[in-house]
Amino acid sequence: MSGVPRRATAADIDAVLALEQSCFSDDPWTRNMLQEELGRAGGVFVALGDEGRPVAFAIGWSVLDELHVLQVAVDPAQRRGGLGRRIMEALEAGAGSAETAWLEVRRDNAAAIGMYEALGYRAVGCRQRYYTDGCDALLLRKTLKG
Ligand SMILES: CC(C)(COP(=O)(O)OP(=O)(O)OC[C@H]1O[C@@H](n2cnc3c(N)ncnc32)[C@H](O)[C@@H]1OP(=O)(O)O)[C@@H](O)C(=O)NCCC(=O)NCCS
């Protein structure tokens with residue numbers, strides 16, 4: 001699939017909400033949460049695909065010299081084609097002066113862990129029973145600059 005990652009817009013929210021619900025069925029973000037990210041100071045909300053029909057998105061917060069990666073998802077029908085890598089690289093590029101990126105990922109999410117490791121993220125800690133179902137979170141970090 002061609003296309004350059006871009007800033008998400010209000011026209012993308014319906015499709016991003018649908019991706020949320022299919023990719024994070026146990027705890028999806030709500031419409032209000034997504035809309036809040038469009039206008040957040042320091043927020044980075046990127047999408048890939050035509051406006052109104054994104055096939056991938058990522059959300060992060062750029063706080064001082066850190067990027068906090070909050071959400072990333074690719075349409076299930078379009079995975080393993082490099083879109084996850086591209087949208088993550090756009091998120092990092094949109095984080096301005098951030099020197100370090102941080103995120104939490106479920107220990108049992110092999111696809112996401114594989115992608116983050118391929119992008120240079122490394123596990124630096126574990127938050128035990130972090131998720132409501134008791135699954136641990138791995139804390140991953142990547143040096144972006146320096
Ligand atoms: C994680 C996710 C975004 C990856 O998207 P994707 O478009 O399939 O990823 P890419 O095609 O860019 O893959 C990049 C690399 O990640 C790794 N990877 C991706 N999927 C993988 C899988 N199922 N198993 C192992 N490694 C995987 C590979 O190293 C891959 O490189 P390769 O294809 O050259 O081998 C996607 O699986 C997804 O949306 N999952 C549900 C939402 C989610 O879990 N988000 C993360 C929450 S922390």
Side-chain angles (χ1 to χ4, degrees), residues 1-9 11-38 40 42-63 65-96 98-145:
M1 190 228 158
S2 62
V4 176
R6 56 179 176 77
R7 289 271 169 178
T9 72
D12 295 315
I13 293 297
D14 282 350
V16 170
L17 186 62
L19 285 174
E20 274 285 333
Q21 290 166 351
S22 66
C23 299
F24 303 104
S25 52
D26 51 344
D27 194 17
W29 282 25
T30 64
R31 178 181 298 279
N32 282 348
M33 291 165 78
L34 294 170
Q35 275 168 338
E36 222 174 311
E37 296 308 316
L38 289 174
R40 182 183 294 287
V44 191
F45 189 168
V46 287
L48 188 53
D50 294 341
E51 196 171 349
R53 299 171 51 215
V55 293
F57 73 96
I59 298 172
W61 292 347
S62 184
V63 182
D65 58 356
E66 296 184 346
L67 168 66
H68 294 261
V69 179
L70 301 176
Q71 290 288 80
V72 53
V74 172
D75 182 336
Q78 308 244 15
R79 291 185 187 160
R80 294 314 291 265
L83 299 187
R85 185 190 294 268
R86 278 164 61 194
I87 201 70
M88 279 299 299
E89 287 172 348
L91 186 75
E92 293 170 357
E99 294 177 0
T100 310
W102 296 89
L103 60 87
E104 277 123 8
V105 59
R106 290 176 64 98
R107 189 190 278 281
D108 60 5
N109 191 344
I113 293 169
M115 178 185 71
Y116 293 135
E117 287 183 344
L119 284 163
Y121 287 78
R122 296 291 175 260
V124 293
C126 172
R127 303 191 200 284
Q128 294 195 347
R129 303 184 64 78
Y130 182 79
Y131 296 99
T132 48
D133 66 355
C135 185
D136 295 344
L138 296 181
L139 179 63
L140 269 53
R141 182 180 67 194
K142 176 181 179 180
T143 300
L144 300 175
K145 296 184 180 130

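All values derive from a computational prediction rather than experimental measurement. Computation of the quantities below employed the complete heavy-atom set of this structure, encompassing side-chain atoms and omitting hydrogens, waters and symmetry-equivalent molecules. Just follow the structure's listing: the first ligand is 1, and inside any ligand the first atom is 1.
Distance alone, capped at 3.5 Å, is enough to place a donor-acceptor pair between the R86 side chain and the G3 backbone.
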* Steps toward side chain to side chain contact (heavy atoms under 4.5 Å, CB included) verdict (W29, L70) -> CA-CA 11 Å; W29 282 25; L70 301 176; 4.0 Å; yes
* Under the side chain to side chain contact (heavy atoms under 4.5 Å, CB included) criterion, do E117 and R122 qualify, and how do the steps go? -> CA-CA 6 Å; E117 287 183 344; R122 296 291 175 260; 4.0 Å; yes
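Residue, atom and distance of the protein heavy atom nearest to atom 45 (N) of ligand 1 are V72 O, 2.8 Å. The protein heavy-atom contact nearest to atom 41 (C) of ligand 1 is R79 NH2, 3.5 Å. Among all non-hydrogen protein atoms, the one lying nearest atom 48 (S) of ligand 1 is Y116 OH, 3.3 Å. Here the protein heavy atom with the shortest distance to atom 1 (C) of ligand 1 is A112 CA, 3.6 Å. Scanning all protein heavy atoms for the shortest distance to atom 2 (C) of ligand 1 gives M115 SD, 4.2 Å. If you check which protein heavy atom lies closest to atom 39 (O) of ligand 1, you get V74 N, 2.8 Å. Residue, atom and distance of the protein heavy atom nearest to atom 26 (N) of ligand 1 are G114 CA, 3.8 Å. Counting only heavy atoms of the protein, atom 25 (C) of ligand 1 lies nearest to A110 O, 4.0 Å.
Some N or O of R85 is nearer than 3.5 Å to an N or O of ligand 1, by distance alone. At a 3.5 angstrom cut-off on N or O pairs, G81 counts as close to ligand 1. Polar contact check, G84 against ligand 1: a nitrogen or oxygen pair lies under 3.5 Å apart. Considering backbone and side-chain atoms alike, R80 places an N or O below 3.5 Å from some N or O of ligand 1.
Side-chain contact between D12 and R6 is present, with heavy atoms from C-beta onward closer than 4.5 Å.
Put simply, the residue from L91, V46, L19 that forms a side-chain contact (heavy atoms from CB on, under 4.5 Å) with F57 is L19. A side-chain contact (heavy atoms from CB on, under 4.5 Å) with E37 is found for exactly one of I13, V44, V16, I59, namely I59.
Proximity of N109 to ligand 1, defined as any heavy-atom pair under 4.0 Å, is confined to the side chain (atoms from C-beta onward). For A111, heavy-atom contacts with ligand 1 shorter than 4.0 Å involve the backbone as well as the side chain. When heavy-atom distances to ligand 1 are checked against a 4.0 Å cut-off, F57 has no atom that comes that close, whether in backbone or side chain.
Heavy-atom contacts from other residues, nucleotides or ligands closer than 6.0 Å to CZ of R53 number 12 or fewer. Atom CZ of R79 has more than 12 heavy atoms from other residues, nucleotides or ligands within 6.0 Å.
Considering CD of E104 and CG of L138, their distance stands at 10.0 Å, rounded to 0.5 Å. Atom-to-atom distance recorded for L103:CG and L67:CG is 8.5 Å, nearest 0.5 angstrom. Taking OG1 of T100 as the start and NZ of K145 as the end, the distance is 10.0 Å to the nearest 0.5 Å.
Annotation for ligand 1: atoms under 4.0 Å from non-hydrogen atoms of A118 are 29 (O). Those atoms of ligand 1 with a heavy atom of F24 less than 4.0 angstrom away are 42 (C), 43 (C), 45 (N), 47 (C). Proximity to G82 (heavy-atom distance under 4.0 Å) selects the following atoms of ligand 1: 10 (P), 11 (O), 12 (O).
Under the 4.0 angstrom criterion, atom 13 (O) of ligand 1 counts as lacking any protein heavy-atom contact.
Taking every heavy atom of both residues into account, A95 and S62 meet most closely at O-OG, 3.0 Å.
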